[in-house]
Amino acid sequence: MTEQNESSDEENSEWPRVEVTRSREQVVGNIRVHRALPRRQRRAVGAWCFADHFGPTNGYDTRTFDVGPHPHTGLHTVTWLLSGEVIHRDSLGSEQPISPGQLNLMTAGHGVAHAEESASRSTGSLHGIQLWIAQPELTRHGGPAFDHHEDLPQVDLDQGCATVLIGEFSSSTSPARSDAEVIGLELALRGRSILPLSPKFEYGLIVLEGSVETGGETLAPGMFAFFGKGREEVEFTVASPSRAMLLGGKPMENPPMMWWNFVGRNREELQEAFESWTIDDGRFGTVQSEIPRITTSPPYWMSNN
Ligand code: MN
């Protein structure tokens, strides 16, 4: 798939314009995902640097979401489901099923490993999103952690409701850890709502279900809308009940370098992480999982000479 057919409607743009891109289709485990971030033309939104929207599937089983043990550095993973159930296992010893309306937040710091698999259900569907937040310098070399939150604040919108996964919205603050200055909301929209925004933040919208109109654009699953900083509010209109993730954050001055499952600041850091995982030197610990451990070939800059 090439990245040439991006929508970029420069001529019709009136400030502040909405930038719409099409997500990239990938396969993760045995499931097809829409990858909204990173894209060549939009690497991140604030510190949000990765977004995979998966499902909804027609039925699922333990093989559907079957991601074996793999390492991470320098990021938080945020997992959120609309339907189904996924089991998280990590090298801290956590084993945590997650259901819709709950948040799994893993902090990698210097290094952690985890595996994810769908719980065994053959009916129903699996539908959700996994996001990464780049950790700031202050915590990215620190220890790993895992948190599960079942009780997140909800805020009434004009027509609909927002669940505050991360950060603060309309005087409600999520209990979830957030090292970077970010916000993450799940929006359940009906009719028309105007949401207050922080002018210091840039924002991105990922439609999970239904379709959302904003700034003259109609957004459906598989599309990603970016809103530059300087906005005080945004208006969303839906014809039928729809759900979306709104991500926001202070634009990063120095966007991190990402390779495979690692977030770092330079090639040496990414290479060290790759080598530690490949020789299994203990940096990432061990995950109790029946799924095989995932390995990868060396980064392209190591094999290019
Ligand atoms: Mn992962």
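Atoms within a ligand are numbered from 1 in the order they appear, just like the ligands themselves. Please read all numbers here as calculations on a predicted model, not as lab measurements.
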Which residues satisfy the ring pair (Phe, Tyr, Trp, His ring centres under 6.0 Å) test with Phe146, sequence neighbours excluded? His88
Identify every side-chain donor-acceptor pair in residues 161-170 under 3.5 Å, counting partners at least two apart or on other chains, and give the distances.
| residue | atom | partner | partner atom | Å |
| --- | --- | --- | --- | --- |
| Thr163 | OG1 | Gln154 | NE2 | 3.0 |

Residues Asp179 and Thr139: side-chain donor-acceptor under 3.5 angstrom: yes
Around the Mn ion (ligand 1), number of protein N/O/S atoms which are nearer than 2.8 Å: 3
Would you please name every residue forming a ring pair (Phe, Tyr, Trp, His ring centres under 6.0 Å) with Phe201, sequence neighbours left out? none
Going by the side chain to side chain donor-acceptor pair (under 3.5 Å) test, name the single residue among Arg35, His127, Gln130, His34 that passes it with His53. His127
Note: Glu116 and Ile291 closest approach over all heavy atoms is O-CD1, 4.0 Å
